[in-house]
Number of protein chains: 2
Amino acid sequence: MRSKEPGQLNQLIAERRCIRRGDALFRAGDPFNSWYAVSTGSLKSTVASLDGRAQVTGFYVAGEVVGWDGIHTGKHSFDMVALEDTEVRVLPYRQLESGARLLPALHTDLHKTMSREIVRDHEMMLLLGSMRAEQRLAAFLLNLAQRLKTVGRVNSGFTLQMTRAEIGSFLGLKLETVSRGFSRLARSGLIELNCRQVRIVNSLRLRRVLHATPAR
Amino acid sequence: MRSKEPGQLNQLIAERRCIRRGDALFRAGDPFNSWYAVSTGSLKSTVASLDGRAQVTGFYVAGEVVGWDGIHTGKHSFDMVALEDTEVRVLPYRQLESGARLLPALHTDLHKTMSREIVRDHEMMLLLGSMRAEQRLAAFLLNLAQRLKTVGRVNSGFTLQMTRAEIGSFLGLKLETVSRGFSRLARSGLIELNCRQVRIVNSLRLRRVLHATPAR
DNA sequence: CGGAAGTTTGAAGATACTCAAGCGCAGTGG
DNA sequence: CCACTGCGCTTGAGTATCTTCAAACTTCCG
């Protein structure tokens, strides 16, 4: 779901839709009809289990495709909520399907979009299962920076559209742990941090945080 | 990748292939050609990051479909290793693609197989991010029992084909923690445990372990 | 401007990890 | 045949990391 949209998807004529910050693009249980290409803004996906437990399972930014969970049940399986005012292009599944039958390249694109998400999810499982707090934060920042850079933002910094609590939920940490971790990375001179505003000062050393040290 | 294979997939004529315990069905970097339907036996998938870090990201049993990571790169993105002697049916991707163009139901099946995996992965991320050790173990056992039961094994017990270390890697725990957790669940009378042999004695209370208590 | 929400930081406590030792089983070779 | 070795499992004691609880500060938005 986090995938860059491949070439063919870009060329589909598609209706646009705006979602206000805090509103849902769709919710768990909603009927599944379309995929969505994020034009501007950003979103989070959240799973809720039967009991109260809930977790942010992904963040999605401009240039990525979301919404194709729930093909197999016909219903969306999680909530997709806008972190800021966001615009998406609607790609009706019916059209994608028939289009794919005529245009093999599109068919492959759809599969690529999905398989890429699997790979990312497995990387995320690796992170959640084997890294300690500060490593998770470093991985998170590097990943986000990379994804934002590719859609042409300023290289030298970006804004976190999510709260510490949301980051913590995503990374399997408490919000206090996130805060402390950021503070330490800043004190060490790896990043500059002004509340939501982040700049990666020393990406080499930040990357080294990942590789170095204990596998937990 | 963990998905039950839907109807159309079952009817494809397919070559069979046997994998000895410990051998790989494919490895990260191998060219991607086929999907595989597991006939008998079981497998694990493992991701390795650039540094030494590695993790089991999934277990797969008879009736499930694996191998369609790597569509987007043309190469497999992780290793798939047999936990016991295992037989799979080979479903060449070319054939699936052309078949899907003729047979819309198959096309949908492929998508279902993939979207189901996403949903499962997100559940796994929820587990890794928000549960404590004993809850993870309970979730693991319940999930595995359910998947084995549906392919017609004895209801009253099953054999773990993986080591404690592999379970730990999958659940983000150390092998000692897995061992202690199993022992406690056994002492509490929720399960019976004889090394690799497990029986869920009180599935209600085991389920309650999940729901109860702290969200970490 | 004021209240609510979000962030930072400290201190105390809990969970899971590390290190370590012992047991049992399977396969190997003397 | 049986000791021997390796591997996997269990259990204990001490420790590190992360969480919990709490308080104060800042930012955002109506």
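All heavy atoms count here, side chains included; hydrogens, waters and symmetry mates do not. Chain A is the first sequence line, chain B the second, and so forth, proteins listed ahead of strands; every chain is numbered from 1. All figures in this text were calculated on a predicted structure; none of them were measured in a lab.
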Atom-to-atom span, [atom1] of [X] to [atom2] of [N] - whole angstrom:
X      : N      : atom1 : atom2 : answer
A:L185 : C:dT9  : CG    : P     : 13 Å
A:K174 : C:dG13 : NZ    : C1'   : 15 Å
A:N194 : D:dC28 : CG    : C1'   : 14 Å
B:L175 : C:dA21 : CG    : C1'   : 14 Å
B:Q197 : C:dC25 : CD    : P     : 15 Å
B:Q135 : C:dT15 : CD    : C1'   : 12 Å
B:R164 : C:dG24 : CZ    : C1'   : 13 Å
A:L193 : C:dT9  : CG    : C1'   : 14 Å

Of all heavy-atom pairs linking A:D69 and A:F32, the shortest is O-CD1, 3.8 Å
By the 4.0 Å heavy-atom rule, please label A:S183 as base, sugar-phosphate, or nothing.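 Sugar-phosphate contact only - A:S183 comes under 4.0 Å of backbone atoms but never of a base.
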Touch check for A:R184, heavy atoms < 4.0 angstrom, all strands: base, sugar-phosphate only, or nothing? nothing
### Query
Which distance, rounded to the nearest 0.5 Å, do you find between the CD1 of B:I71 and the OG1 of A:T113?
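The CD1 atom of B:I71 sits 10.5 Å away from the OG1 atom of A:T113.
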Tell me whether the side-chain N/O atoms of [X] come closer than 4.0 Å to OP1 or OP2 in [N].
X      : N      : value
A:R132 : D:dA16 : no
B:R196 : D:dC9  : yes
B:T177 : C:dC17 : yes

Counting distance only, does the side-chain N/O of B:S188 pair as donor-acceptor with the main-chain N or O of B:A186 below 3.5 Å?
no
Tell me whether the count of non-hydrogen atoms from other residues, nucleotides or ligands lying under 6.0 Å of CZ in B:R196 goes above 12.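 It does: B:R196 CZ has more than 12 such atoms within range.
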Any N or O donor-acceptor pair under 3.5 Å from the base of D:dG12 to the side chain of B:R180?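 Flag set: donor-acceptor pair detected.
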Base of C:dC19 paired with side chain of B:E176 (donor-acceptor, under 3.5 Å):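 In this structure, the two groups form a donor-acceptor pair.
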Regarding the side chain of B:S179, the nearest nucleotide among D:dT19, D:dT11, C:dT8 is D:dT11
Closest to the 5' end of DNA chain D, once A:L173 and B:F182 are matched to their nearest nucleotides, is B:F182
> Given side chains that start at C-beta, do those of B:L142 and B:R207 come closer than 4.5 Å, heavy atoms only?
Replying inline: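 Yes, at least one pair of side-chain atoms sits under 4.5 Å.
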